[in-house]
Each structure stands twice: as C-alpha cells, then as structure tokens.
Amino acid sequence: MTDLPKAYTPADHEPRVRERWDDSRAFHADPGRVLSGEARPYTVLIPPPNVTAALHLGHALNNTLQDVLVRAHRMKGYETLWMPGTDHAGIATQTVVDKRLREAGEPGIAEYKRREAEGEPAREEFVAKVQAWKDEYKARITDQLKAMGCSCDWSRQRFTMDEICARAVREAFFRLFKDGLIYRGKRLVNWDPVTQTALADDEVESRDVDGHFYFLRYPLVHEAAPGDHNPVTWEELAARGYPGAEEHPGDDEAWITIATTRPETYLGDTAVAVNPKDPRATAVRGMKVQLPLVGRVIPIVEDDYVVMPVKYGGDENDPTALMATGFLKVTPAHYQNDWEIGNRHDLERINIMAPDASISDQHGWEDVGYAHIFVGLSRKDARKKVVEEFQARTLNDAHPLLEDIKPHRHAVGHSYRSHVPVEPYLSDQWYCKVTDDRLRGYAQRALKTEQRTSQTHAADTRIEGDSDVTFYPPRYAKTYETWHDDLRDWCISRQLWWGHRIPVWSLRQLERESHFDPPHGAELKSTMRPLVDRLLELERGGRISAIRHFDSIGVPLVSVRPEEMVNFDWQELSVCVLNEWDSEAIEFVESMGFTQDPDVLDTWFSSALWALSTLGWPNADLPRFHPKQIDQGDDSTVNAVYAKRVGTWKDFIGVDGEKSGELIDTLLVLRDLHKKTGGEPVLAYQLFSEADLEANGQAAMPLLAPDDIQQATDLVCAVAVKTTEPVKVVKRSVETVHDIPAFLLSHGFQDTAGLLAAFNPTSVLCTAREIITLWVSRMVMFNRYFLEHDGKPGQHPFHDVFIHAMIQDGEGRKMSKSLGNGVDPLDIIDSHGTDSMRFTLVQMTTNTQDVRMPVERDETTGKNTSPKFDLGRNFCNKLWNAARFALSMLEGTTAGTPVPRGDLTLPDKWLLTRIARTEALLTDALTKYTFKEFADACYDLLWRDFCDWYLEAIKPTVKASAAQQATLRAGLDAILRLLHPMIPFVTETIAEKLGEVASPGVEGLTLTPARRGCLASAGWPECDASLLDEVAEARLERIRSLAAEINTTRAKHQVKPKRKITVHLSASLVEDLGTDADYVRTLAGVETITADAPAGDAVAFVFEGAECKASDLADAVDAEQEKAALGTELAKLEKQLKTLDGRLSNPGYVEKAPEKMVNETKQQRAETAERIDAIRARLGELG
RNA sequence: GACCGAUUGGCGCAGUUGGCUAGCGCGUCUGCAUGACACGCAGAAGGUCACAGGUUCGAGUCCUGUAUCGGUCACCA
C-alpha cells in the first residue's frame, strides 16, 4: 500500500468521490421506509440560499454544519432527508439584476417600467432577464453545495418560485384570504424610494445619522376667507395670556415656532399640535397658522402626545423636552406619529411626494401656491431649499422664518436593500394579520415552555406541536419570544415584478397614492345581478373568495344581503382565485372588468411556506408508488417517481395544442426514445385508478386495457424517471432538449408523495440569527396554521432550531464585498481541499454569537485566505498518513472470526476504549449542537490517541500480532466512520483502500457494512459496553506518564533521539510494570529498564513520588545543568505544597467539602511531598 | 434608551450543574530526518482568567457594579 502518495491531495480524489456518491444514490430519502416503520426519519431543510450571488463562507459554515448532522444521522440508520433548494429573493434579485443591466449599458428596470406604463408588455421581458440570472446562479449554487460535499437529496431540489412552491403559495394565500387573515389597507408604509416598493417593518434597519433640528416660524392667523390674510398680533396673544408675548412689539405679526428634522415635509402639514396642558394652548385656541409659501391655513389641535418644553413644564430628563418648542407640526401623510394624531383629530392627509420621494404635486397635493418652486426637487434638495427660503424670508421685516438650526444625531430607518432612508409613505398594501391568535399565538405556544419567559399564549401540552420547538443556544428563544410580543401586521405586498404575483382581482388599479377618485360604479349596478350570482356560485364551489375590504375589516360577498347590494362598494371588492390554471374563473372575473393586482408577494411569504411546499403540501396526499409498479422490468435505474391526479382519460390527453395535449405527446416520445436511439430508457409511465391505489397501495396494478382507462374518472398518472440528464429529442429534424423533471413539474406532476407524512416535523432548522424573525417565526406560524385540524393548531415545522455563529474577519468586522475581507469557499477548496475547510469551520463553531477568522491576502493569487484552514489541512494529512502506515502494516491479512477480547494486547484494549468513549462524546455533541466539541473529540481520537500512542506502541509488534492487526483494521475503520460526517472526502477515499483489506474484526465493535457501497452509507460504529476497559486505561495512563517523564528528562539533558538510554526504577516498580515496560521502552527510546543501580553517570527524575534514574544519556552528564533544572521544579512543587496545606488546614474546607474532594487533596499533598523529598535527595547527591 | 452576548498567554478559541495544579490550535524557542506524516516528532517558555466589590471551605465559573467591544429592538420634536 505504499503506492499512496506521501501527502493527501484533495483535488485528486474529490471529483471521483462525488461521483461515487451520486451513482450510489446514497443521499436519496425514501418516505416509504419511514411510513412502514423500517427507519426513523431525520430531516433537515436547507435555508434556501438567495439566487442573488454565489455562496460565501457563511453559507459554507451553515451547510457544513447541516451536513455533519445529516451524515451522522444517516450513518446512525435514520432515513435521512436533506432537502436542498434556492430562494428567489424578490427585491434582492430584482435589484441586483437591475444594477447589472445598467452596468452593462442596457436599460434598467426604470426603462422597462416606463414602457410597461405605455402599454408595452415590458414586464414579462424584464422578468425573463431575472429568470436568466436565476438559472445561472441556481446552477452555480448547486455546484458549490456539491463541491462542499453536501449530502442533499438532489433529486428533490426546490426553488421558491417553481411550480410546486407556487401551488403552495396560491393555496396559502387563498386560505388566509378566505379566513380574513389577509386584508388590504391604506396606511403609511416603509417606502423604499429607490426600488419603489413597500418594505416590511423588519426590512428596515435603523442607522444613526448626523442631522439637524430646524426651528421654523409659522405665522399665526385668524380664520379667514380663502386668500385673505388676517394675522394675529402679539398684543392679542399677550391679552390672552400667552407667556412672553409682551416682549414683542404689540402690532407685530405673531408666530409660533416648531422644531423638525425634516423641514421639507412642512409642505404636507395639515395642523400644528400643542399639548393642552401647555400654558400657551389656551391663548392660541381657535387660532390657525399659515404655512409660508404654500399659504395653506391649518388648525392648531390639542393633543397629549406633544411633549412640552422644559420651560413650560416638560420633564427635564426627557431629551425631547430639552429640544422641543411645544408646537409640533403634523404631517399625517409622512410620519407615523402624525398619522395617528391625524386619525385622532380627523386631519387631512396630503401626500407631497412622488414614489421616488421627490416633491410632487401630482400625487395628492393641490394647494401648491408659491411652493411650486419645490416641485420636482429630491428630498435632499427640497430640504436645502426650504431652509434657504425660510432663511431668506422674514416676519415683520426683522425675524427670519428660520429661527435656528442645531445639530442633532438621530436614528433613521434605511432600506435593508437599497440603503437609502425609508420614506413613510401613504399607500394601499396587502397585510397578513399575523397578530391573530391563529398565527402569533400558535407561534408563541410552539416554543418550549422551559424557554419561555412570559405566560401570554401559554402552551397546552396536550396539543401536538405546543411546547416543542427548542432553541440552541437557548438565549435565542428570547429573541423569538419578544419579537412576537411587539408584532404588527405584516405588509406582504411588494411593488416588484420578480415574485409570486398576488392572486387577487379587483375593479381598481391598485392605488399607490393618497388620492383616489373612484370610477363610476353606479352604472354597473343594474347589470350586476347575474354576475354576482355567478361569483357566488364560484365561491360556493371553493374556486374563488370575494371579500370587500375596509382597512383591516373584511366583509365576504356571501354575507351581503341582496338589499345591501344596491349600495355595495364594488371598488372595494377583491376576488382571490385559488388556482392559477382555473382559466374559466379568471376569464369570468376579468370579463367583469376586474384586473389582477400588479404587485407580488414579499419573498418571505414563500419562504415561510418552505417547510410545507418542499414536502408536497397542499398535495401531500398523492399516492406513493413503488418504481416496480410503473416499470415491471428494471426498477433499479429509477431516479424519481412523479405523479399527478388527472381525472379522466379525456382530461389527460386533452386537445392537441393545449398544455395537456403536449403532455401526452411528449410522454410518448420520451418513453419510446431509447428504441430509436438505442440508448437506455429515460422514463416509463402508467395510469392507475385512485380507488385501486387507496385499496391496495403499492400492490395496485396499472390500468392497461383501453376500456378500463377510458371509463375511469379517478386516473392517477405515475412517471418513473430514469435519467437526471437533459434529454435530446429530434422530431422532424427539430431538436428539442427536455429537462424531464422541469417538464413534469410544469404539468402539475409532483415527486413529493409521502414526504409530509414521513418527514414533518423536520428535525432541526440550522440557521443564522439574523432571520429568526424574518423566517423562523413565520414558518412556525404558517405550518401550524395550515396544518390546523379539529380547530386546533397543527404540527410545527421543526423540533430544534440551531442558531450558529456568524463569521467575522480577524478584526471583528462582517465579511463583505465592499470591505474586501471576504473569503470565497471555492478558493479554500482549491488551496486546502473541502475537508480541510469543513474541519476548520466545524472546529470554529462555538456557541458564541460571532467567530473570528483572521483573513490574509495571498499576494501570488490575489485571493483571500486564512491561516486557520491549515489546521484542517494538517488534520486531513495526518489521517491520510496514519492510514498509509496502517495499510502497510496490514498487508497480507485475511478474514476470520472476530478476535476475542482475551487475545487483545493492552494497546488494543485501550484503543477500543478510546473509540467507545469518543463515540459517546460525538453522539452527545450532536444532540447538543456543540460542534467544536465534536471536532475536538475527533481530533484527539485520531491524533492524540491513535497516532501518538496506539500506532507508536504497536510499531514493533503489529506485523507479527494478529490481534493488533485486527484491532488496527477495525479501529481505523471505526475512526473513518466517526470522522466521515465532518471530513467526508478523505475518509471515503481511505475507505476505498481499506475495503480491500480483509480482516477478522474484533469482538464488541460492530461496523455495519455500507447499505449503498460507500462509506457515506455505512453504519455508525456500535460500541459494546464491554469495550470500556478502565484497567487498560489506567495501565496505559501509567505507561504514558512514565514515558513522558523519561522524554522530558531526555530533552532536559539534550539526549539525541536515536540514543537508547537505560532507566533505573525501584524493584517494586519494575515488577509492577511487568511486560508494560516494553511499551515504555518503545515510546521513550529506552534500551533497558532495570532495578539495578546505574554504574556510571546518571540523572534523576521523579515518577509517582519516587526517585528514578536515567543513564547512558551521553558520554558525560552536566551536573550543574541538572541542579538548576531540579531547583526550578522544586520551587514549583513547594509552592503547590503550600497551597494544598493551606487548604487542608482550613477547617471549613475539611468539614464542608465533600469527603471525596478532601481525600483527593490529601492524596495530592502526599504525592507532592514525596516528589519534593525525591528531588531534595537527588540535590543532596549532587552536592 | 431597553435587552442579549463577549472580555482567559503574542493570535484564534475551549473551559455544561463552583472542586483548576486553567486546557487546545497557531505562533515563539530548543532538539530531531526516528520504520506513516517536517502539513511531522520530542520538549520548553508564555496567563494575578477586563476591573472593583460580594456569596462560599473554595470563584475563570454564581451575584452586584464599572469599563471596553459586538449584536438586536425602540427612538427621525
């Protein structure tokens, strides 16, 4: 076996190993084995990476940890499903594609939007561009995951916008809509003026910004006819008791001062508010203010919300009171708080901005007046200009309208995508009522009771799914819990093109802006009756849901009495159509003048369904087929089985030219393709009767007789797909390439039968903390809501949530493109190999919130790397060489019956003990998600135990010892299995070689052969309790510490490693050691161990408190050097003795500490004293 | 502002119910081509566990406070 190269070169093995895994289908999960009780399920859903970019090191960490869990459980005999997939990442992807297009000099989204507005079909064109991007990145991400060794069930890969996910989205939306948990509302939303879409609350990140407080003066006026100017004078104010008014000339126009950070919004002010307790409030009661330039006269309202300045009774500890003037400008259409004040006082809402946040008089603002000079300016320019204008204008020819500017640092919400300040913007959006008990309450109750801190929504342990979701580490449960406490309804509509389009039709174009002029609904009324009847009929058939929304209140059309129909507001009616392919319903609704909402859903809506859609919901009850049912001949080549309910034969074959017609055509061509080309068959299909399937399950037979097929009304079509490659078909000299799975999916076939029943709830969700709220919570809500039964919450989507650390660079900064401190996993795979990367990542994973990785730039390649990966490389290389050595020692071994324990030598027994202990440690680490412990235990077993001690100890004897050879073979095999989850490639490679070595094995260590021919499918080592041998551990420990003492002595005296020395021990010790002395000789380079006194020069060392000697160190021994060394050690020991004496003389310790503890201390004290004596004796000898 | 973390040799980190004579890897120093491995072997040096109090026979570990650094949420008068 010396044909193996000296160093492990990953690139020579990884591609071959990957192919081996693919070919063996070792990662394919079979729900049948779970449903039949053959195996317990272990399920992990990949957090779907965004198709925006290639994977980074954070993904490498995330997926490595999942793979460790998944591979270990697969080996432990679980039927293991790791579901892969990618996320369409709506806003992120659309933004990235737009940017790339513009960088390439092509038109961006703005141009497409303009064309679309002009009636051109530009939307589809743009979406196609994004699709192309998605295809490219989806492929790249998949390749990267495969390169990382991820053992996903690749035949089941999902994408959040594929047909199966789309079906889940439609079903989910429809049900929430029908149940009143989705509504349309006009409110202030977080508006991103760059991408021009609404954002959810948690897509807004606040950042501190250096801004200013601007103090603006608004003139006070009396109510007057429009255009008249009737100022209030200071004299009047003084007469009404306005404090300080008398300081101004009595005839002068009076004003009030407001403070704001956003002066440009004054254009939309519709009131000024004052606290009723403010001493000035009564004085100005009934007066108005007039907005400069705009000329709008607005009321002064009294509201408790307004903070009074300290001067007028405000709290001096309140920072706001220190800055406030006591008068607050109220701009209901541009501030959340003002919106609420506006609601309380029934104020007008004037939107002064266009969707790009420039000042506009086209979106609801009419009384522009002299303020037209601001129209068209950006927010920033408008602010500047407002300040300039206020500075330039004066009251009474003396006082500038701008009273003051003070610097002010404050937090401003920014879009998490475009990073510009978010504009609170008035618009019509769709909301999901997550505050409803069926969503929020269900999510709170799912959390493990032990991890809860409050009792709201307390779990009911009798309900399945309550109190079961557990966070690791537990502190993250708090993040989850408190987020729900402060939850507001979730804005789910986005003004984007890339995403799941909202399946709602209505009469009005969705209104973005503040003003809405209803079209004339009255004309519809007389002709409405039959249409309404048809709508109600469709609704009763469960195909649509029609609801009239008034903010969060929804009134279903079915509940509207006929006499109320006359005044029914059709403009507010929304019709949700369940099925995308229900063209009849859609055509009918559109014939009434309804149009589909142009918006798409928040990307997290489909992410929230990930645990449902990937497992086949809502069609989770599709029958399962055995490949043999479809293809009686050869089922071994079947990759996946797809099925679809097709109804009748007529429905199935359809009409030529329609989608279903294309289906049967293509199926026939593909089925018979191999007959023409002479290749392997690519698919087989059969039709079944669902009644037969229900009655007989996998014993049901396909329908073959044409009569049977034509009479059946419950046909199910099942397709067995035999290839994963795209298939080329030449038909009438036209070449078409079919991606069979994609083709089947687009025709409504699914390969998900049995998944939900077998694999939900999943075992663990492994993710980073940033998406606990965005994703984790929403998945819990949706799973429990949609799997509701008997009015009780349904099962949750996962038992455990493991939140792993985030990787930062050496300075604690986030890795990012802009900082240039990112490390590309593919670069590391290139330079160090996949396993090295994986080992290092696992080893780094502690339960802290961040882990640091020093980043270095490799000047030759210009790529970033980290010296930390050397650790992993060294480890893999160590394994490689240990295996190389072991294999060379195993040449010529043959199989036989397992070696009984009695035949094993001491190192054998000890190694097996170490394997058993490590196995237990690893299993424990997996259940606790303590990955560093996992890696460290592997490291110690391989390096410290197997290489440093076992291999060294057996070197002289193994070739002649059948027991040692058997243990070596079995031990290495067990180690490969234990390390495989973390470093799969190198272990698989070595296992290939080790598989060629026949050996009898050892009793008590069970190594189940591979189910699918590769180590990845082999059994986890099973260690019988008999392997734990404490006597062997103690004996080896003694050998080890004696050898260590001797080695230290040798090093102190600079004895050449090759020189064999003589060790002199007490007669009793020599006798006690017996044959174990041989191991000491091997491990410490000793020629002879004897009870005789040294003849010539010798040095002393202490072992077990006794003075021992070593001779033949060199031709002469340096006594002074030895004296110095002994002196240092003596000082150390004396200090230690003092500590121990102090402890033992402490009455509290002796009385209160556990007896075992005290005895141990006494023992320690005795040993220390003995050592001291021995050293003193030797020092005496030396003089 | 509220909450959640972190602070342990030069660097990166362990240290799970207090029992520690504080571990590991990298780096440093010494010696070494020894029957797999120099991506290695045998040794060594290097830490008053951020600081101040407290609880305890005993504190890196528990409590209180302070400082510094991260993170999350709130706050745009």
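To find a chain, count down the sequence lines: A is the first, B the second, and so on, and within it residues start at 1. Below, each value reflects all heavy atoms present in this structure, side chains not excepted, and no hydrogens, waters or symmetry copies.
To the nearest angstrom, P of B:G40 lies 14 Å from CZ of A:Arg884.
In terms of polar N and O atoms assigned as donor or acceptor, the side chain of A:Glu952 comes within less than 3.5 Å of the base of B:A36 in a complementary pairing. At a cut-off of 3.5 angstrom, counting only N and O atoms as typed in the model, there is a donor on one side and an acceptor on the other between the side-chain of A:Glu933 and the base of B:U16. With hydrogens and angles ignored, a donor-acceptor pair under 3.5 angstrom links the side chain of A:Ser206 to the base of B:C75. Contact of A:Gln849 with B:G70 (side chain to base): a donor-acceptor pair of N or O atoms is detected under 3.5 Å. Applying the 3.5 Å distance criterion, the base of B:C37 shares a donor-acceptor pair with the side chain of A:Lys878.
With distances taken from any side-chain atom of A:Pro424 to the nucleotides B:G43, B:A36, B:C76, the minimum falls on B:C76. Residue A:Leu328 has its side chain nearest to B:A77 when only B:A77, B:A36, B:C4 are considered.
Residues A:Met853 and A:Thr261 both approach RNA chain B. Their nearest nucleotides, taken by heavy-atom distance, put A:Met853 toward the 5′ side. If you find the closest nucleotide of RNA chain B to A:Lys932 and to A:Leu1140, the one lying nearer the 5' end belongs to A:Lys932.
Here B:C73 sits opposite B:G1 as a Watson-Crick or G-U wobble pair (both hydrogen-bonding atom distances under 3.5 Å). Base pairing of B:U56: no nucleotide in any strand meets the Watson-Crick or G-U wobble criterion (both distances under 3.5 Å). When Watson-Crick and G-U wobble pairs are counted only if both distances are under 3.5 Å, B:C26 pairs with B:G10. The partner of B:A36 is absent, by the rule that a Watson-Crick or G-U pair needs both atom distances under 3.5 Å. B:U48 is unpaired under the criterion used here, namely a Watson-Crick or G-U wobble arrangement in which both key atom distances are under 3.5 Å.
Looking at A:Glu481 and A:Lys478, no side-chain N of the basic residue comes within less than 4.0 Å of a carboxylate O on the acidic one, giving no salt bridge. A salt bridge links A:Glu1045 with A:Arg1171: at least one charged nitrogen is closer than 4.0 Å to a carboxylate oxygen. Taking a cutoff of 4.0 Å between a charged side-chain nitrogen and a carboxylate oxygen, A:Glu1087 and A:Arg1081 do not qualify as a salt bridge.
Between A:Asp809 and A:Met853 there is no side-chain heavy-atom pair separated by less than 4.5 Å. Counting heavy atoms from C-beta outward, A:Phe875 and A:Ile983 have side chains that approach closer than 4.5 Å.
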